[in-house]
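One structure is given below, encoded as structure tokens.
No experiment lies behind these values; they were computed from the predicted model shown.
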Amino acid sequence: MAAIAGMKIAEGPVELSSLKSTCYPIIEPVAPSTINWENLIGSGTYGLILGTIVEPDKWVVKVADKTTSCTTMNHEINLHKSAIDALQTFKEAQGDLPVFCPGIANFAHKDKCCWYYMQKIYKPPGFSKLIHTTIENADPDEPRTTKEKWSGIFPSPSDLNGFINHFTSSRISNLGSIENVARLNGTIFGILHYLSKQTGQDIEITLGKMGKNQPITVIFFDFDKSGFWNKVNEDQYQIQNNSGILTEKQFIKVLSTSMTNAYCTTMGDIGQQFSQGYQAVAEMVGLGDIAIKTLNNIRQLEEMLQGGRRRRRRKRRRKSRKKKRKTKKKKRRKKRKTRRRRK
């Protein structure tokens, strides 16, 4: 679930009125006057993000109202805590970097309702939503366009580069360039995969601020579809909540699948930076060979997709040329007919 600072969401998978009628009577006696039930900030798969009364500039609160949702929330908070610890471990070993994972506090579960507090993320100045760090552009001949969803802005790489350059030149960020952000994206996936030891599926990576007067940084969150992994034996791995044993090849496929999204690429200069950031974390814990194989999996997929796009482009060009020839032929026939009529 993405916390979008100050954005009012009118609808989503969970209705505020329904959540409030169920959970207000349960939560208020336990945590009186802490949740602002009228300030809906965000919506997600299994709950809502509301404002807080205590320290509203610092915290939001995630609330869910179903047993299954609370099981997911409990699963997510453990992954989130691990991600925070892993990021801290990396920073202590390698030095500080402009990457944050929002702090969390006070998970509670009573009856049908559960809730916990998360550090508030502020959108960049001049933007109504958080900007996702979408660096992938596997086909430069068919550039992706910037798209907006309720959960944020998903820019094309060229637009993302423009945003980063603007923030850097305006001195509200020290991110520098899209290549630097690509490396940070890779570092984030490396931290999740090899320090936190989780799969990192469907996480969100955005540009935002961790305080009103803080610089724009890279922020990652949303772990509800991720899962912890562990190595059982040589060439045997297991994923949390999955009883099956995976071979190394299958495990690498799981990791690479988690990175088949617009936050990741191995192509071009941007892809080189992403790969270096990812591999550097793996090498810290002796898993560089796994990282190389994972990145190779992604590259093979990207090259295959590029090949498919090139074939489609060639086919379109052939059709276009054929159509032009047909049009020219029709024009010539029409001219001949016109000449004959004049005679």
Side-chain angles (χ1 to χ4, degrees), residues 1-81 101-125 127-132 147-154 201-212 219-226:
M1 294 192 297
I4 305 162
M7 186 179 177
K8 303 292 183 183
I9 307 296
E11 58 185 10
V14 181
E15 290 291 335
L16 177 59
S17 57
S18 171
L19 185 84
K20 185 177 177 181
S21 65
T22 302
C23 291
Y24 181 89
I26 294 170
I27 295 176
E28 279 300 308
V30 179
S33 302
T34 58
I35 299 174
N36 185 344
W37 294 92
E38 304 306 319
N39 184 13
L40 178 59
I41 291 174
S43 177
T45 309
Y46 62 88
L48 297 178
I49 301 169
L50 303 173
T52 57
I53 294 170
V54 180
E55 295 187 288
D57 291 341
K58 185 176 180 182
W59 297 98
V60 294
V61 58
K62 291 188 175 185
V63 184
D65 65 347
K66 293 181 178 64
T67 302
T68 51
S69 298
C70 289
T71 301
T72 302
M73 185 179 280
N74 188 40
H75 166 79
E76 179 181 22
I77 200 169
N78 289 324
L79 291 155
H80 195 138
K81 284 178 181 175
C101 184
I104 50 176
N106 302 338
F107 174 77
H109 185 186
K110 185 179 179 185
D111 300 331
K112 290 182 178 180
C113 298
C114 54
W115 65 101
Y116 72 90
Y117 300 86
M118 187 175 88
Q119 204 172 349
K120 189 172 186 175
I121 305 171
Y122 286 83
K123 60 189 179 295
F127 288 83
S128 62
K129 302 175 183 181
L130 293 176
I131 300 169
H132 290 250
K147 297 178 182 177
E148 286 196 34
K149 300 178 183 177
W150 71 264
S151 59
I153 297 169
F154 296 79
Q201 272 96 351
D202 207 31
I203 65 162
E204 297 194 37
I205 310 177
T206 67
L207 299 181
K209 304 191 298 178
M210 295 310 302
K212 281 183 178 179
I219 303 167
F220 66 104
F221 51 94
D222 202 356
F223 305 95
D224 61 299
K225 291 185 177 65
S226 186

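The heavy-atom pair separating Ile53 from Pro56 by the smallest distance is O-CD, 3.4 Å. Closest approach of Cys70 to Ala64, counting heavy atoms only: SG-O, 4.2 Å. In this structure, Lys129 and Lys149 approach most closely via the heavy-atom pair NZ-O, 2.8 Å. Contact record, Cys114 with Met73: SG-SD, 3.6 Å, taken as the closest heavy-atom pair. The heavy-atom pair separating Leu207 from Leu130 by the smallest distance is O-CD2, 3.9 Å.
At a threshold of 4.5 Å between non-hydrogen side-chain atoms, the residues Lys81 and Ile104 count as touching. Between Asp224 and Asp222, the closest side-chain pair of non-hydrogen atoms falls below 4.5 Å. At a threshold of 4.5 Å between non-hydrogen side-chain atoms, the residues Asp65 and Lys112 do not count as touching. A 4.5 Å side-chain heavy-atom check between Pro124 and Ile131 finds at least one atom pair inside the cut-off. The shortest side-chain heavy-atom distance between Val63 and Leu48 does not fall under the 4.5 Å cut-off. Looking only at side-chain heavy atoms (C-beta outward), Leu16 and Leu50 come within less than 4.5 Å of each other. Inter-residue side-chain proximity for Ile121 and Phe221 is flagged as met; some heavy-atom pair is nearer than 4.5 Å. The shortest distance between side-chain heavy atoms of Trp37 and Val61 does not fall below 4.5 Å.
Here the NE2 atom belonging to His109 is positioned 9.0 Å from the CD1 atom belonging to Ile26, to the nearest 0.5 angstrom. Taken to the nearest 0.5 Å, the CD atom of Glu15 stands 11.0 Å off from the OG atom of Ser21. To the nearest 0.5 Å, atoms SG (Cys113) and NZ (Lys66) are separated by 10.0 Å. Rounded to the nearest 0.5 Å, atoms CH2 (Trp115) and CZ (Phe107) are 9.0 Å apart. For the atom pair CD1 of Ile49 and CD1 of Ile41, the computed distance is 8.0 Å after rounding to the nearest 0.5 Å. Separating the NE2 atom in His132 from the CZ atom in Phe154 is a distance of 3.5 Å, to the nearest 0.5 Å.
The side-chain hydrogen bond (donor to acceptor under 3.5 Å, both in side chains) search around Lys20 returns Glu38, not counting sequence neighbours. Partners of Trp59 according to the ring pair (Phe, Tyr, Trp, His ring centres under 6.0 Å) rule, which considers only residues two or more places apart in sequence or in another chain, do not exist here.
Ring pair Tyr116/His80 is perpendicular by interplanar angle, where above 60° counts as perpendicular and below 30° as parallel.
Proximity of a side-chain donor or acceptor of Gln119 to a complementary backbone N or O of Pro102 within less than 3.5 Å is not detected. His75 places no side-chain N or O within 3.5 Å of a backbone atom of Lys225 that could act as its donor or acceptor partner. Here the side chain of Glu76 pairs a donor or acceptor atom with the backbone of Phe223 at under 3.5 angstrom.
Summarising the local packing, OH of Tyr24 is surrounded by 12 or fewer heavy atoms from other residues, nucleotides or ligands at distances under 6.0 Å.
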